[in-house]
Amino acid sequence: MSDFIAEQLSEHPIFHGLPFMTISDMIGCASEKTISRGSTVFLEGEDANYCYILLSGSVELSIHTHNLGPIVVQTLQGGDVLGWSWLFSPFIWHFDALAKKKTNVIRLDAKCIRKKCKDNPELGYELMGRFSKVMLERLNATRLQLVDMYGKSS
């Protein structure tokens with residue numbers, strides 16, 4: 001199983017180019033998981049304990065509003081990264097995530113990865129830069145949803 005995880009991590013864009021030893025260290029923080037269709041992966045406000053590398057399937061990210069219900073911000077597919085909140089204090093989710101299809105993932109334990117980052121500040125800096133790109137993508141998707149909802153002229 002660890003060969004499969006090592007291969008998936010080393011080939012994924014978020015980790016591509018990291019030294020082999022770094023990928024090897026991360027294997028101890030990783031596990032394969034299948035998320036059933038319709039299952040909640042996490043909810044806004046919960047502790048962000050994991051990062052997910054989607055191998056296949058589909059996960060919908062949404063923001064809950066009191067008057068409109070959930071607003072879908074982005075739908076993630078195989079190859080995408082689910083989760084950046086695990087890297088930034090206070091380590092809580094900022095969106096809801098719901099599996100729209102059966103979804104296979106590599107799940108990375110956040111506490112384990114954060115410890116590795118603390119022990120290796122160069123790794124922490126590198127991951128911060130890489131995951132900041134994911135965060136920017138989510139911010140842009142949210143902005144586009146707001147423009148779509150509220151930017152229409154009357």
Side-chain angles (χ1 to χ4, degrees), residues 1-64 70-145:
M1 179 188 351
S2 61
D3 288 342
F4 174 76
I5 291 174
E7 180 182 336
Q8 293 299 314
L9 292 180
S10 63
E11 291 178 3
H12 193 277
I14 200 86
F15 300 113
H16 186 75
L18 288 177
F20 176 76
M21 289 306 296
T22 300
I23 299 294
S24 295
D25 283 347
M26 295 176 82
I27 291 172
C29 300
S31 60
E32 290 181 73
K33 182 169 174 55
T34 299
I35 302 166
S36 302
R37 179 179 177 258
S39 294
T40 299
V41 182
F42 53 77
L43 295 172
E44 180 181 355
E46 290 181 339
D47 291 341
N49 294 322
Y50 299 100
C51 172
Y52 302 87
I53 306 300
L54 278 63
L55 303 176
S56 63
S58 175
V59 173
E60 205 172 70
L61 288 174
S62 63
I63 298 172
H64 183 77
I71 298 171
V72 175
V73 173
Q74 193 172 21
T75 301
L76 305 176
Q77 309 290 335
D80 288 329
V81 174
L82 173 60
W84 51 264
S85 300
W86 64 273
L87 189 56
F88 300 96
S89 182
F91 312 118
I92 59 169
W93 295 118
H94 298 282
F95 298 97
D96 293 344
L98 177 73
K100 297 307 284 180
K101 297 179 182 176
K102 177 181 168 186
T103 303
N104 295 308
V105 301
I106 293 176
R107 184 173 75 171
L108 297 165
D109 181 280
K111 289 180 183 177
C112 180
I113 297 294
R114 286 194 304 262
K115 182 177 180 339
K116 292 188 182 298
C117 290
K118 184 176 181 179
D119 294 344
N120 180 353
E122 289 179 13
L123 172 62
Y125 181 80
E126 185 65 31
L127 289 181
M128 185 76 68
R130 291 171 184 233
F131 278 88
S132 292
K133 292 176 185 176
V134 173
M135 191 168 63
L136 181 60
E137 182 181 302
R138 300 288 144 68
L139 180 62
N140 283 332
T142 304
R143 182 184 65 80
L144 290 173
Q145 284 293 344

Visitor: Using the ring-ring contact (aromatic ring centres under 6.0 Å, His included) definition, which of the options Phe131, Phe91, Tyr52 pairs with Trp86?
Guide: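 By the ring-ring contact (aromatic ring centres under 6.0 Å, His included) criterion, Trp86 pairs with just one of Phe131, Phe91, Tyr52: Phe131.
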Visitor: Apply the side chain to side chain contact (heavy atoms under 4.5 Å, CB included) test between Ile53 and each candidate in Leu9, Ile5, Val105, Asn104; give the one that qualifies.
Guide: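 That would be Leu9.
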Visitor: Got a second to check how far Glu7's CD is from Ile27's CD1, nearest 0.5 Å?
Guide: 11.0 Å
Visitor: Are Cys51 and Ile113 packed together at the side-chain level, in the sense that at least one heavy-atom pair is separated by less than 4.5 angstrom?
Guide: no
Visitor: Between the main-chain N or O of Glu44 and the side-chain N or O of Asp96, is there a donor-acceptor pair closer than 3.5 Å?
Guide: yes
Visitor: Quick check on ring-ring contact (aromatic ring centres under 6.0 Å, His included): which of Phe42, Tyr50, Trp84, Phe88 does Trp93 satisfy it with?
Guide: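 Going through Phe42, Tyr50, Trp84, Phe88 one by one, the ring-ring contact (aromatic ring centres under 6.0 Å, His included) with Trp93 is satisfied by Phe42 alone.
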Visitor: Counting only heavy atoms not in Glu11, do more than 12 fall under 6.0 Å of its CD?
Guide: yes
Visitor: Closest heavy-atom contact between Leu87 and Met128?
Guide: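 Where Leu87 meets Met128 most closely, the heavy atoms are CD2-CA, 3.8 Å.
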Visitor: Nearest 0.5 Å, what's the NE2-CG distance between His12 and Leu18?
Guide: 12.0 Å
Visitor: Under 3.5 Å, is there a donor-acceptor pair between the Gln74 and Glu137 side chains?
Guide: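 The answer is yes; a qualifying pair exists.
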Visitor: Sub-3.5 Å donor-acceptor pair from the side chain of Ser56 to the main-chain atoms of Gly78, do we have one?
Guide: no
Visitor: Looking at every heavy atom in both Leu108 and Ala30, which two are closest together, and how far apart are they?
Guide: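 Between these two residues, the closest heavy atoms are CD2-CB, 3.5 Å.
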Visitor: What is the minimum heavy-atom distance between Gly45 and Ile92, and which atoms define it?
Guide: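 Closest pair (atom of Gly45, atom of Ile92, distance): O-CG2, 3.9 Å.
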Visitor: Treating Arg107 as the side-chain partner and Ser31 as the backbone partner, does any N or O pair qualify as donor plus acceptor under 3.5 Å?
Guide: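 No; judged by distance alone, with no hydrogens or angles, the pair does not exist.
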Visitor: Are Ser62 and Leu98 side-chain neighbours, meaning at least one heavy-atom pair lies under 4.5 Å?
Guide: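 In short, these two side chains do not touch, never coming nearer than 4.5 Å.
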Visitor: Quick check: does any side chain N or O of Ser85 sit under 3.5 Å from a backbone N or O of Gly83, one acting as donor and the other as acceptor?
Guide: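 No, because the side chain of Ser85 does not come within donor-acceptor range (under 3.5 Å) of the backbone of Gly83.
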Visitor: Is the count of non-hydrogen atoms from other residues, nucleotides or ligands lying under 6.0 Å from His64 atom NE2 greater than 12?
Guide: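 Counting neighbours around NE2 of His64, more than 12 heavy atoms of other residues, nucleotides or ligands fall under 6.0 Å, so yes.
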Visitor: When rounded to the nearest 0.5 angstrom, what is the spacing between CG in Asp109 and SG in Cys29?
Guide: 6.0 Å
Visitor: Short question: side chain of Arg130, backbone of His16 - any donor-acceptor pair under 3.5 Å?
Guide: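 It does hold such a pair.
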Visitor: Atom CG of Asn120 and atom OG1 of Thr22: how far apart are they, to the nearest 0.5 Å?
Guide: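 The CG atom of Asn120 sits 6.5 Å away from the OG1 atom of Thr22.
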Visitor: Evaluate the side chain to side chain contact (heavy atoms under 4.5 Å, CB included) criterion for residues Val134 and Asp80: first the C-alpha distance (whole Å), next the side-chain angles of each, then the deciding distance (0.1 Å), finally the verdict.
Guide: CA-CA 9 Å; Val134 173; Asp80 288 329; over 6 Å; no
